[in-house]
Amino acid sequence: MTDNTQQHPHSVPELPTQYAPAEVEGPLYERWVERGYFEADAQSDKEPYTIVIPPPNVTGSLHLGHAFEHTLIDALTRRKRMQGYEVLWQPGMDHAGIATQNVVERELAKEGKSRHDLGREAFVERVWQWKAESGGQISGQMRRLGDGVAWSRERFTMDEGLSKAVQTIFKKLYDDELIYRAERIINWCPRCLTAISDIEVEYQDDDGELVSITYGEGDASIVVATTRAETMLGDTAVAVHPEDERYKHLVGTEIELPLTGRRIPVVADEHVDPEFGTGAVKVTPAHDPNDFEIGRRHDLPSLTVLDEHGVITVHGPFLGLDRFEARSAIVGALRAEGRIVAEKRPYTHSVGHCSRCKTTLEPRQSMQWWVKTAPLAKAAADAVRGGEVKIHPQEMEKRYFEWVDNLHDWCISRQLWWGHRIPVWYGPDGEMVCVGPDEQPPTGEGWHQETDVLDTWFSSGLWPFSTLGWPERTESVEKFYPNSVLVTGYDILFFWVVRMMMFGLYAMDGTPPFHTIALHGMVRDQFGKKMSKSFGNAVNPLDWMDKYGSDAVRFTLARGANPGVDVPIGEDWVQGSRNFANKVWNATRFALMNGATVEGELPPAEQMSATDRWILSRLNSVVAEVDAYYDDYQFAKLTDALFHFAWDEVFDWYVELSKTTFMGGGEPAKVSARVLGEVLDVTLRLLHPVVPFVTETLWTALTGKESVVVAEWPADSGFRDAGAEREIEELQRVITEVRRFRSDQGLQPGQKVPARLELSGTALAAHEGAIRQLLRLQPAGDGFQATATLPVAGATVALDLSGVIDFEAERKRLAKDLAAAEKEKAQATAKLGNEAFLAKAPEAVKEKIQKRLAAAEADIERISGQLAALPQG
RNA sequence: GGGCGCAUAGCUCAGCGGUAGAGCGCUGCUCUUACAAAGCAGAUGUCGGCGGUUCGAAUCCGUCUGUGCCCACCA
């Protein structure tokens, strides 16, 4: 599959002077796929490395959040592939029950139809059509991004195999009595006409009105307050606190419920807060979760007064009114009877809305299916508490426990058409049979299947193994389960991660679905604001990819990826990343123009210049650093480290310093060409997981090999050269110091200046050529006048600037520097004279201060020298 | 009402016990053997306030203020 092991001389391709990502990226990706680089072999001997994609909803297109997540997963998997693992990045999509059904319903609405016009079967067919279009769009976006997924293994939560997994686990839970059917108060969406689970409720502060109503007459009267007056039609009691003296005499009696002619009991219940309002609560067991519980405790009847659309069903003047119309109508009627005590007052309170359609939810008593979560959640919690599963960053564990330790039973039935239909059949005489995947459903007169479907998270909770072929014991399950790491956003910890943990542990005999959970943050705009369509700051990642390249988008996202922390992104930053890609591009061009090569062994250290040894020493440090960051999911740090190493050290210093060497030709130029080839080779490989496209183009051009995708991940050779590092640091100091002097003097960058260098006896002697080149210093000819003498790092640079400049600015600057150095010296001296410090501070710190003192003293000497050397006047 | 987090350069963020950092932005000078999507040089911060611990605090503790997120059945 790869011929990377073979080296062959190659002709260096011509690269244009600017990187044009748009022309390069598309074809590269298709080539990778054709060559099968991203496919995973379950029979391979290599150690597996598995990550499943958090399956995007088929409802639409990918946003920057997906691009972000995919960048991280792609980087992890590409590196592991280079390290020789059998990598599976499992792709696929989620049917996203209610979300998708709503989207398709909206499409239908445009044609003036509802799903009921089509009927269940035709509607579901229609959703499948939508899925085909939308799914194609998503995989197209993933290709643009460069996602190295195993396309041949793409899965969908409604696939036959995955549906079988759903049925299997449902049956198992049912048989274990962990699934049951019960009537409870649930969150009901009167628009979607389905139950939704607690976590699908979005609470927001709504302006309501709190009205106080008198129930009963005379002495036997009680005032209750409510924001949902219409529910009073379903009241079956008034509750007060048992210890409340005000109402003790009424407990056990019945009072009149206005407008209805019914009499309802007054009950005493601990739940009532005597301090709140009047201390009396109207009880509507069928339409309020608390009241439902009170009703249960006191054996109260439950009276349903609203239908599934939120319309009054009680015969009388309000029959057929919508719940909100009914609310004002009833308040009006009560007022007419003089029942409204105080004027209604504005009241802002938290109201639940459907997270899919934003409709105000209606608590509703109904028969639903439930998962008994207690034992499952316990196992999910224990796996993390016991350290078997690690959450990264660790602070996020708190959030996880907050969820998993307080889990209610999970309402899994939805009154939808799109989803996995619950595999339970009801018989004519109330029998109930749960049918397993290999069983025949009962037939005969009166038998029918449950019409409800399952919550979409039920199937996505199986994703880490259902995608591998479970419930069959496939080779893939054996090889790729458990997954190596789960990469996902903290916002989905409860929705998805907890479900996977529960189901994974339950279905796979206690083996958790993954051993590490790496949580990332949310993508935000450049001001740190949440991105949203309604706010108008949402960005289509494709726009930026078209403009700046996928690499630029990826690099920017990776560079902002601090663990568990939100990542802001702005177009300027993407532009900056594009600039980086272009920089790498041009540096490689320069290298190729100067004969940089990866062929042959690296020359022995003795043959290398200090500059060569320095960059190789640094290179290996960076390899080690990047590895450590990867292992800790520190994407921002590893990206930043590579950015600075490549740009600052390799491009700005090594390349510049080497120019003299290359111009000189001969053996040293050959050695540097090989070193530069090595440095770029390794740097490109290190960069590849984050920016796959540019690195592929450049690396193949540099090496002539097949593809960096299947290249070996760089290893730290262990080569370090502290002496060379020190030497180059000094060289940098000399050059920077003289440059600063030149700049302060107003010399133009290109202006040549005669100079005499005194470098003998210092390590810098070998660098005279580079120094002169970089500083534009000409040889000192006849009549040389040393008008400025700069002592740095034991060397002296004397410049002839006769008649060119005025020294006043320089004198000022040096005076300032001198003052700073003297202050520094004073601080260090004071510290070293402090007995408490000397007694308690660790040696390492003392040494640091000593060094600082020495440096300050050296600076003072240097600056004084420079000042003294400045001509007077 | 609970819980968690954050306040560091104009903006977005690293640093989390030993001399204040990065990217972008800003100022100047430059087409110098790749790159102006560039190079070189430069400016900018009582590290939110107040207390405390420590030889030493942006970094640890307390408190206040501001801000964000998550959870919650208070009618």
Side-chain angles (χ1 to χ4, degrees), chain A residues 15 17-19 185 198-199 203 210 224-228 231 239 271-273 275-284 288-293 349-350 363 395-396 398-399 402-403 406 490-491 493-494 522 524-528 530 548 556 559-560 562 564-570 572-573 575-594 636-637 640 643-644 651-652 655-656 659-660 662-663 736 739-744 746-751 773-774 776 824 827-828 831 834-842 844-846 848-849 852 855-856:
Chain A
L15 297 176
T17 147
Q18 276 197 355
Y19 174 48
I185 293 277
D198 295 348
I199 53 175
Y203 286 94
L210 191 66
V224 298
T226 182
T227 53
R228 290 157 66 219
T231 61
H271 164 81
V272 180
D273 176 5
E275 306 294 319
F276 187 91
T278 58
V281 182
K282 60 190 274 306
V283 181
T284 325
D288 184 278
N290 293 318
D291 296 3
F292 182 79
E293 293 304 322
H349 63 316
S350 184
E395 304 90 79
M396 287 284 176
K398 277 179 265 177
R399 251 178 213 249
E402 196 181 303
W403 281 113
N406 299 304
Y490 63 73
D491 61 325
L493 194 57
F494 183 57
M522 305 295 113
R524 293 170 170 270
D525 75 5
Q526 69 267 46
F527 303 111
K530 208 170 182 169
Y548 306 109
T556 310
R559 201 161 177 215
N562 290 115
V565 178
D566 290 349
V567 36
I569 185 170
D572 287 355
W573 309 349
Q575 217 172 86
S577 300
R578 186 272 315 265
N579 295 355
F580 175 65
N582 188 236
K583 187 76 184 175
V584 177
W585 180 271
N586 274 293
T588 309
R589 270 183 73 220
F590 169 85
L592 292 172
M593 284 159 55
N594 285 281
K637 295 216 166 72
D640 201 56
F643 175 86
H644 285 292
F651 306 154
D652 283 347
V655 165
E656 292 305 321
K659 279 180 179 171
T660 352
F662 288 130
M663 281 186 293
T736 304
R739 274 178 179 163
R740 189 154 79 120
F741 175 80
R742 287 185 56 122
S743 176
D744 285 349
L747 291 179
Q748 299 202 330
Q751 186 174 340
Q773 170 70 20
L774 292 183
R776 318 278 139 188
E824 177 72 24
Q827 278 176 356
K831 205 134 207 201
N834 182 329
E835 277 172 41
F837 172 77
L838 289 175
K840 299 198 177 178
V845 175
K846 286 186 223 161
K848 259 192 175 172
I849 308 274
R852 214 194 301 166

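Below, chain A is the first sequence line, B the second, and so on; all start at residue 1.
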Applying a 4.0 Å non-hydrogen cut-off, can you work out what [X] is touching in the nucleic acid: base, sugar-phosphate, or nothing?
X	value
Trp585(A)	nothing
Glu824(A)	base
Arg559(A)	sugar-phosphate

Ignoring backbone atoms, establish whether Arg852(A) has a side-chain N or O less than 4.0 Å from OP1 or OP2 of U19(B).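 For U19(B), OP1 or OP2 has a side-chain N or O of Arg852(A) closer than 4.0 Å.
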In whole Å, I'd like the distance from the [atom1] atom of [X] to the [atom2] atom of [N].
X	N	atom1	atom2	answer
Phe590(A)	U32(B)	CZ	C1'	12 Å
Met522(A)	C70(B)	CE	P	10 Å
Asp572(A)	C11(B)	CG	C1'	10 Å
Gln526(A)	G10(B)	CD	P	18 Å
Met396(A)	C69(B)	CE	P	14 Å
Phe651(A)	A36(B)	CZ	P	15 Å
Ile569(A)	C24(B)	CD1	P	15 Å
Asp640(A)	A22(B)	CG	P	10 Å

Say you pick atom [atom1] in [N] and the same atom in [M]; how far apart are they, in whole Å?
N	M	atom1	value
G18(B)	G56(B)	C1'	7 Å
C29(B)	G21(B)	C1'	26 Å
C71(B)	G62(B)	P	27 Å
A75(B)	C16(B)	C1'	47 Å
U8(B)	U30(B)	C1'	34 Å
G45(B)	G25(B)	C1'	16 Å

Atom CG in Leu838(A), atom NZ in Lys846(A): separation rounded to 0.5 Å?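 Leu838(A) atom CG to Lys846(A) atom NZ measures 6.0 Å (nearest 0.5 Å).
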How long is the gap from CG on Leu592(A) to CZ on Arg589(A), to the nearest 0.5 Å?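 The CZ atom of Arg589(A) is 9.5 Å from CG of Leu592(A), to the nearest 0.5 Å.
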side-chain contact (heavy atoms from CB on, under 4.5 Å) assessment of Arg739(A) paired with Leu774(A): CA-CA 9 Å; Arg739(A) 274 178 179 163; Leu774(A) 292 183; 4.3 Å; yes
If a protein heavy atom is under 4.0 Å from the base, mark B; if only from the sugar-phosphate, S; if neither, -; do that for nucleotides 37-44 of chain B going 5' to 3'. BSBSSS--
Without swapping roles, check the side chain of [X] against the backbone of [Y] for a donor-acceptor pair under 3.5 Å.
X	Y	value
Arg742(A)	Gln751(A)	yes
Lys282(A)	Ala225(A)	no
Asn562(A)	Val565(A)	no

Should Lys530(A) and Asp525(A) count as an ion pair when the cut-off is N to O under 4.0 Å?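 Judged by the 4.0 Å cut-off on N to carboxylate O distance, Lys530(A) and Asp525(A) do not form a salt bridge.
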Is the shortest side-chain N to carboxylate O distance from Glu656(A) to Lys659(A) below 4.0 Å?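 The answer is yes: the pair qualifies as a salt bridge.
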Between protein and nucleotides 13-17 of chain B, what N or O pairs are separated by less than 3.5 Å?
| residue | atom | partner | partner atom | Å |
| --- | --- | --- | --- | --- |
| G15(B) | OP1 | Lys637(A) | NZ | 3.4 |

Filtered N/O pairs between nucleotides 3-7 of chain B and protein, under 3.5 Å:
| residue | atom | partner | partner atom | Å |
| --- | --- | --- | --- | --- |
| G3(B) | O2' | Glu402(A) | OE1 | 3.3 |
| C4(B) | O3' | Lys398(A) | NZ | 3.4 |
| G5(B) | OP1 | Lys398(A) | NZ | 2.6 |

Whether Phe494(A) and Trp403(A) hold their rings parallel, tilted or perpendicular, with breakpoints at 30° and 60°: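 Because their plane-to-plane angle is under 30°, the rings of Phe494(A) and Trp403(A) count as parallel.
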Please check if any side-chain donor atom of Tyr490(A) sits under 3.5 Å from a side-chain acceptor atom of Asp566(A), or the reverse.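 A donor-acceptor contact under 3.5 Å links the two side chains.
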Centre of Tyr19(A)'s six-membered ring, under 6.0 Å away, within 45 degrees of the axis: is that where NZ or CZ of Arg578(A) sits?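 Output no; distance or angle outside limits.
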Show me the protein contacts with nucleotides 54-59 of chain B, counting only N or O atoms at under 3.5 Å.
| residue | atom | partner | partner atom | Å |
| --- | --- | --- | --- | --- |
| C55(B) | OP1 | Lys840(A) | NZ | 2.1 |
| C55(B) | O2' | Asn834(A) | ND2 | 3.4 |

Protein and nucleotides 73-75 of chain B: nitrogen or oxygen contacts under 3.5 angstrom:
| residue | atom | partner | partner atom | Å |
| --- | --- | --- | --- | --- |
| C73(B) | O2' | Asn290(A) | ND2 | 2.8 |
| C73(B) | N1 | Asn290(A) | OD1 | 2.9 |
| C73(B) | O2 | Asn290(A) | OD1 | 2.5 |
| C73(B) | O2 | Asn290(A) | ND2 | 2.8 |
| C73(B) | N3 | Asn290(A) | OD1 | 3.3 |
| C74(B) | N3 | Asp273(A) | OD2 | 3.4 |
| A75(B) | OP2 | Tyr347(A) | OH | 2.8 |
| A75(B) | O2' | Ala225(A) | O | 2.9 |
| A75(B) | N6 | Asp273(A) | O | 2.8 |
| A75(B) | N6 | Phe276(A) | O | 2.9 |
| A75(B) | N1 | Asp273(A) | N | 3.4 |

Can you give the dot-bracket line for RNA chain B, using ( ) for pairs inside the strand, [ ] for pairs that cross earlier ones, | for pairs with another strand and . for unpaired bases, where Watson-Crick and G-U count if both distances are under 3.5 Å? ((((((((.[[[[.)..(..]]]].(((((.......))))).....[[[[[..)....]]]]])))))))....
